[in-house]
Each structure stands twice: as structure tokens, then as C-alpha cells.
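As the structure lists them, so they are numbered: ligands from 1, and atoms in each ligand from 1.
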Amino acid sequence: MSSTRVALVTGANKGLGLAIVRDLCRRFPGDVVLTARDEARGRAAVQQLQAEGRSPRFHQLDITDLHSIRAVRDFLREEYGGLDVLVNNAGIAFQIGDPTPIAIQAEVTMNTNFLGTRDVCTELLPLIKSRGEVVNMSSGWGFKALESCSPELQQKLRSESITEEELVGLMNKFVEDTKNGVQRNEGWPDDNIYGVVKIGVTALSRIQARKLSEQRGGDKILLNACCPGWVRTDMGGPKAFKSLEEGIETPVYLALLPSDAEGPHGQFVHEKKVAKWQFMPQFYPKF
Ligand SMILES: NC(=O)c1ccc[n+]([C@@H]2O[C@H](COP(=O)([O-])OP(=O)(O)OC[C@H]3O[C@@H](n4cnc5c(N)ncnc54)[C@H](OP(=O)(O)O)[C@@H]3O)[C@@H](O)[C@H]2O)c1
């Protein structure tokens, strides 16, 4: 087993994930594992970085497939005895105007961005080594969704003591409510599926950080959610405000916090600063 440190990025064959791997290859003192759900796209991305003089490793990882997640877990255990840095970047978003029925959009987005990220955390957080870092890619759009939720839902989602099971129950209920066409009556916004799912990711991060502090406080693992801003990727589109290089600044900052850093931990970080749980219209196009 190698004593080399290791960082792993999900959904890294393109966009922000690929740019994060590129930067970590330069700045992280250890191995960097580029993962992708599609082996061919992942290996092509590795080749692209190799042509630039970087040397990431590759492992297949589909975050909606538990077998795939467990294969990565076993690979990390056997080769490195754990994991130092985890960047949960993989995500999807349906474009505005996509004709896919809303209920399907809600289910698919939830399965990937929230439940997939949670499954990766369930399997890989126990492997995170002392002084490790975990970064969950969320979005400021989550707060737009949160502000549109009923006061009762807001109270639950903002609660400092909500459990992971309660949060998963709420996220599953959102999908069910959408299938039954009652999401508005049940207190959810009906025009911001991506945002509802991302508030789930932010709330989940807060819960996971709390659990780490309670169960492994001495290990000083730092886990945070962040927003990269609006970035020019396939998801963000060509009109987005930020370049890839600008978009990765916050996630890479959180992935490379100094080993003696006491924080941030359990926070939502934007522009490398801890942000309040509120929507910041200045960073988004239509508000
Ligand atoms: N761009 C923005 O403005 C922005 C703003 C806020 C937050 N974010 C978040 O930042 C993250 C990266 O976004 P991006 O803009 O780089 O998007 P992107 O260019 O569309 O890339 C998304 C990546 O996630 C991968 N992915 C999707 N489903 C997956 C799965 N089941 N398992 C593993 N990988 C999967 C994609 O793989 P395939 O190529 O196989 O589809 C792709 O590599 C996302 O979580 C997104 O929500 C982006």
C-alpha cells in the first residue's frame, strides 16, 4: 500500500471537474484521481491532461451506481489505505425549456446530485484520513429555492439539528410531490428543481460536517459545500460570468486548506468566503 496522499474528483471528464483535476495535478502533493461515469470520456480527459504534462490516474465512477462507488472505495483502500481529498463535483441540470416532464427532471436530478452525492459520501467519508478535506459542489440557486419554500419547509431545511434521514425523507418527498403534481401545495417552488436539489446538497454537507465533528473530531477533517459562481461550462452555458479558471478558485481553495486550518467546516463557501444561507442576486443573471 502506498503512503502517497490522494485526491479524487467526481464527474471530472469535462467542465469544472476536469479543471479542478488539472489544477490539483499542479498543486496537490500526491496522486490525483480523475473519475468519470463513462470510461472512454474519462480516459480521453486523462490523455488531454497528459498532453499538457499532467499525470492524473483514472477510475470509472458513476455516482448513481453503488457498485461503481464501492469499486472506487476498494481501489482507494487497497492502493492508498484511504483518501485525503474528495471533491464531489459530478452533477446534472436540465436546461431551461427542456421538454422532459417535470416529475422525471426532479427524479433524475435528485438521483444524481443529491442521492448520488450522498451515496459517495456514505462509502468514502469513512476513508477520509486525518486532516483531510471534502468539498461538495452546491449552488447559490439552492437559496433561491429555499426562499421560495413554505416557512415550515424553510424551518426544517435550515434547522441546525435536522438528521440525514429527515433530509433524505424531505428530498424524496419533493420528488413524490412533483410526481403527484402537488409540489406547490406542499410548499415547494415548482420552477426550480435544480435549486431544491442543491439546497439538499448544502444541508447534507452541514449534517455530514456535524457528524464528523461529533464522531471524529480529533481528525480535524474539513467538509464544506460551495458555489463556484456562474461558470462557462456545458452546464453553465457560454454567457456565464466566470471562466473555468475563476470557477475553480473556491473549490480548489477548500480542497487545499492548510493542514493546520481549523475551518471553514460545515459551511457554504462562495468566493472563498463563508456565505450566509441566503440568495445573492448579484451573482446570477436574471435577478
Ligand atoms: N457551471 C456552473 O455555472 C455551476 C454553478 C453552480 C454549481 N455548479 C455545479 O458544479 C458541478 C460541475 O458543473 P459543470 O458546470 O462542470 O457541469 P458539466 O460541464 O455539465 O459537467 C458535469 C460533469 O458531471 C458528470 N456527471 C453527471 N452525472 C454523473 C454521474 N451519475 N456520475 C458521475 N459523473 C456524472 C458529467 O459526466 P458526463 O460527461 O458523462 O455527462 C460531467 O463530467 C455540478 O455539480 C454543478 O451543479 C455549476
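For the salt bridge (charged side-chain N to carboxylate O under 4.0 Å, His left out) test, residues two or more places apart in sequence or in another chain that qualify with Arg5 are Asp84.
Contact check on Arg27 versus Asp23 returns a salt bridge, with a Lys/Arg side-chain nitrogen under 4.0 Å from an Asp/Glu carboxylate oxygen.
Residue Asn136 forms a side chain to side chain contact (heavy atoms under 4.5 Å, CB included) with just one option from Asn224, Leu254, Leu223, and that option is Leu223.
Within the structure, every pair that satisfies the salt bridge (Lys or Arg N to Asp or Glu O under 4.0 Å) test and touches residues 263-281, not counting sequence neighbours, is listed here: Lys242-Glu271.
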Would you mind writing out the side-chain donor-acceptor pairs for residues 168-178 within the sub-3.5 Å range, not counting sequence neighbours?
from   : atom 1 : to     : atom 2 : distance (Å)
Asn172 : ND2    : Val168 : O      : 3.4
Lys173 : NZ     : Asp177 : OD1    : 3.4
Lys173 : NZ     : Asp177 : OD2    : 2.7
Lys173 : NZ     : Glu186 : OE1    : 2.7
Asp177 : OD2    : Trp188 : NE1    : 3.0
Thr178 : OG1    : Phe174 : O      : 2.6

Where does ligand 1 get N/O contacts under 3.5 Å from the protein, atom by atom?
from     : atom 1 : to     : atom 2 : distance (Å)
ligand 1 : 1 (N)  : Val231 : O      : 3.3
ligand 1 : 1 (N)  : Thr233 : OG1    : 3.2
ligand 1 : 3 (O)  : Gly229 : O      : 3.4
ligand 1 : 3 (O)  : Val231 : N      : 2.8
ligand 1 : 15 (O) : Thr233 : OG1    : 2.5
ligand 1 : 16 (O) : Leu16  : N      : 2.8
ligand 1 : 24 (O) : Gly91  : N      : 3.4
ligand 1 : 28 (N) : Arg37  : NH1    : 3.4
ligand 1 : 31 (N) : Asp62  : OD1    : 2.9
ligand 1 : 32 (N) : Ile63  : N      : 3.0
ligand 1 : 37 (O) : Asn13  : OD1    : 3.4
ligand 1 : 39 (O) : Asn13  : ND2    : 2.8
ligand 1 : 40 (O) : Arg37  : NE     : 2.9
ligand 1 : 40 (O) : Arg41  : NE     : 3.3
ligand 1 : 40 (O) : Arg41  : NH2    : 2.8
ligand 1 : 41 (O) : Arg37  : NH2    : 2.7
ligand 1 : 43 (O) : Gly11  : O      : 3.1
ligand 1 : 43 (O) : Asn13  : OD1    : 2.7
ligand 1 : 45 (O) : Asn89  : O      : 2.8
ligand 1 : 45 (O) : Lys198 : NZ     : 3.1
ligand 1 : 47 (O) : Tyr194 : OH     : 2.6
ligand 1 : 47 (O) : Lys198 : NZ     : 3.0

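A ring-centre distance under 6.0 Å is found for Phe143 and Trp277.
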